[in-house]
Engineer: 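Starting off with a structure, shown below.
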2 protein chains.
Amino acid sequence: MRLEDEIKQATFQSEGQKAHLNIVFTAGWLQQRQAAVFRPLGLTLPQFNVLRILRGQHPKPATVALLIDRMLDKTSNASRIVDKLEEKRLVTRTVCPANRRAVDIRITEAGLRLLQQIDAEGLVDPLRNGFEALTDAELKTLNTLLDKIRA
Amino acid sequence: MRLEDEIKQATFQSEGQKAHLNIVFTAGWLQQRQAAVFRPLGLTLPQFNVLRILRGQHPKPATVALLIDRMLDKTSNASRIVDKLEEKRLVTRTVCPANRRAVDIRITEAGLRLLQQIDAEGLVDPLRNGFEALTDAELKTLNTLLDKIRA
DNA sequence: GCAAATTTAATGTACCTACATCAAATACCT
DNA sequence: AGGTATTTGATGTAGGTACATTAAATTTGC
């Protein structure tokens, strides 16, 4: 649907303001759809993202600092997201022997199985999440334009 | 900065997955910048957005349902955002006489003055928020591509 | 070698999001 | 009119975001 109709606003101050709202609105739209997919699995989106980073490190551990470095949202509280994953026994936390300030965080077998299941069911496939409507050239253009905004 | 560097991920499964992450990351980037601008004024971004909708209605009142209809995030809790604005005396809430289930929400003079100040200082000008890097044609392309994703 | 500075993570607080539930007012239907 | 359904908003709860502060371990500088 056109942004105008989604938020019932007929006109915008500028094409730039419309693009701004459109990016924010589309991001919310995408995140809500993804969150709905993970909800039945008892996972939130930030929890899933942390879990995926941990799988990328596996079998090496990650620290909280490493998670933050790789997360989309740098100011999100990785400590507390790890808390939730630990409660669910999807990750473990141990004091790093080499540096007792740091904490070694590792994905468990149960965590790996859960991600495996999500992969097998194709739940994160971008082609099923709105991106099938765009050609590869359009996607590249989109990526270039977004990078320019943050340049 | 390129997305690859922002989140330290060298490659992506597909251009679609990269675009997905790029939209979410860029939206976060934009919102964080805007939030930082409003913080010294004691306003959060959702509070500002609600206030702007109320100014659009002024001097007519809005209901909670109308706010939700026009908000970017439909699931956000407009009731509680209005609570905060009411505490700050930027809006008033009165039971709607014509329909006692509904609540008439109005922006106050103080609310109008605050928005006036924000306008005067150009704090929401998209040209100062990353969009000056794109031509009007590029912005139109961007809007078209984003609309396609949600089609 | 020891005091000061820095790093690393956890925690406190305020606010927001997402969703379920509740209560009151109104509309509907016979 | 009277009972049921719907509308409208508020509220409860779990989790996340943003930022400041704290505590412990380590590094640095003299």
Side-chain angles (χ1 to χ4, degrees), chain A residues 24-25 27-51 61-69 71-88 90-105, chain B residues 24-25 27-51 61-69 71-88 90-105:
Chain A
V24 171
F25 184 82
W29 185 88
L30 288 168
Q31 291 185 94
Q32 208 158 324
R33 283 163 57 105
Q34 278 293 298
V37 166
F38 292 132
R39 196 168 310 122
L41 300 170
L43 269 190
T44 66
L45 212 38
Q47 286 169 20
F48 169 72
N49 286 325
V50 165
L51 217 46
T63 61
V64 168
L66 183 142
L67 291 179
I68 292 170
D69 205 42
M71 281 168 76
L72 285 182
D73 190 335
K74 308 301 186 193
T75 75
S76 91
N77 207 321
S79 248
R80 281 192 268 235
I81 292 168
V82 172
D83 283 349
K84 303 291 172 193
L85 291 171
E86 200 182 13
E87 282 170 19
K88 290 193 267 257
L90 298 174
V91 311
T92 60
R93 234 192 307 218
T94 54
V95 171
C96 171
N99 178 352
R100 293 162 40 70
R101 279 173 305 194
V103 170
D104 282 343
I105 304 163
Chain B
V24 172
F25 184 82
W29 185 88
L30 288 168
Q31 291 186 93
Q32 208 159 325
R33 283 163 57 107
Q34 278 292 298
V37 165
F38 292 131
R39 196 168 310 121
L41 300 170
L43 269 191
T44 66
L45 212 37
Q47 286 168 21
F48 168 73
N49 287 324
V50 165
L51 218 46
T63 61
V64 169
L66 183 142
L67 291 179
I68 292 172
D69 205 41
M71 281 169 75
L72 286 181
D73 190 334
K74 308 299 184 192
T75 74
S76 91
N77 206 323
S79 248
R80 280 191 270 236
I81 293 168
V82 172
D83 283 348
K84 302 291 169 191
L85 291 171
E86 200 181 14
E87 282 170 20
K88 289 192 267 259
L90 299 174
V91 310
T92 60
R93 230 189 312 214
T94 54
V95 171
C96 171
N99 178 352
R100 292 163 42 69
R101 279 172 305 192
V103 171
D104 281 345
I105 305 162

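Convention: sequence-line order gives letters A, B, ...; per-chain numbering from 1.
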Engineer: Tell me the interatomic distance from A:N99, atom CG, to D:dA25, atom C1', rounded to whole angstroms.
Structural biologist: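 My rounded result for the distance is 7 Å.
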Engineer: Say you draw a straight line from CG of B:L72 to CG of B:N49; how long is it, rounded to the nearest 0.5 Å?
Structural biologist: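 Between atom CG of B:L72 and atom CG of B:N49 there are 6.0 Å.
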Engineer: Side-chain contact test, heavy atoms from C-beta onward, threshold under 4.5 Å: evaluate it for B:L85 versus B:L43 and give yes or no.
Structural biologist: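 SC-SC contact between B:L85 and B:L43 confirmed.
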Engineer: Roughly how many Å is it from CG in B:L67 to P in D:dA10, rounded to a whole number?
Structural biologist: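 Computing the B:L67:CG to D:dA10:P distance gives 10 Å.
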Engineer: Rounding to an integer number of Å, can you tell me how far B:L72 CG sits from C:dC16 C1'?
Structural biologist: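 To the nearest whole Å, that distance equals 14 Å.
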Engineer: Write down the distance between NZ (A:K74) and C1' (D:dG16), rounded to a whole number of angstrom.
Structural biologist: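 Taking NZ of A:K74 and C1' of D:dG16, I get 17 Å after rounding.
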Engineer: I'd like to check A:I81 versus A:S76 (side-chain heavy atoms, cut-off strictly below 4.5 Å). Are they in contact?
Structural biologist: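 The answer is yes; the side chains approach within 4.5 Å.
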Engineer: Could you identify which residues of residues 76-86 of chain A place a heavy atom less than 4.0 Å from some atom of DNA chain C, listed by residue number, or say none?
Structural biologist: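 DNA chain C contact set from residues 76-86 of chain A: A:N77, A:S79, A:R80.
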Engineer: Tell me which of A:A98 and A:K88 sits closer to the 5' end of DNA chain D, going by the nucleotide each one is nearest to.
Structural biologist: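 Result of the comparison: A:K88.
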Engineer: Could you grab the distance from atom CG of B:D104 to atom OG1 of B:T94, nearest 0.5 Å is fine?
Structural biologist: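 Between atom CG of B:D104 and atom OG1 of B:T94 there are 4.5 Å.
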Engineer: Between A:K88 (side chain) and A:G42 (backbone), is there a donor-acceptor pair under 3.5 Å?
Structural biologist: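 Judged by distance alone, yes, a pair lies under 3.5 Å.
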Engineer: Measure CG/A:D73 against C1'/D:dG15 and give the value in whole Å, please.
Structural biologist: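 Those two atoms, CG and C1', are 14 Å apart.
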Engineer: Within this structure, what is the CG-CZ distance for the pair B:L41 and B:R39, rounded to the nearest 0.5 Å?
Structural biologist: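 One gets 11.0 Å once the value is rounded to the nearest 0.5 Å.
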Engineer: Expressed as a whole number of angstroms, how long is the span from B:R101:CZ to D:dT8:C1'?
Structural biologist: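 Rounding to the nearest Å, CZ of B:R101 and C1' of D:dT8 are 6 Å apart.
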Engineer: Within residues 29-47 of chain B, find the residues that approach DNA chain C with a heavy atom at under 4.0 Å, and present them sorted by residue number.
Structural biologist: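 Result for residues 29-47 of chain B: B:T44, B:P46, B:Q47, sorted by number.
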Engineer: In Å and rounded to the nearest 0.5 Å, what is the CD1 to OG1 distance from A:I68 to A:T63?
Structural biologist: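 Output value for this atom pair is 8.5 Å.
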Engineer: Roughly how many Å is it from CZ in B:R100 to C1' in C:dA25, rounded to a whole number?
Structural biologist: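 Answer to the nearest Å: 8 Å.
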Engineer: Just N and O in the side chain of B:R93: are any of them under 4.0 Å from OP1 or OP2 of D:dA10?
Structural biologist: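 It does, given that an N or O in the side chain of B:R93 lies less than 4.0 Å from OP1 or OP2 of D:dA10.
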Engineer: Taking the side chain as C-beta and beyond, is there a heavy-atom pair between A:R93 and A:D83 under 4.5 Å?
Structural biologist: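 Heavy-atom side-chain distance check passes, below 4.5 Å.
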Engineer: Test of understanding: with side-chain hydrogen bond (donor to acceptor under 3.5 Å, both in side chains), list the residues that count as partners of B:K74, not counting sequence neighbours.
Structural biologist: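 Partners of B:K74 under the side-chain hydrogen bond (donor to acceptor under 3.5 Å, both in side chains) test: none.
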Engineer: Rounding to an integer number of Å, can you tell me how far B:L66 CG sits from D:dG9 C1'?
Structural biologist: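 Computing the B:L66:CG to D:dG9:C1' distance gives 14 Å.
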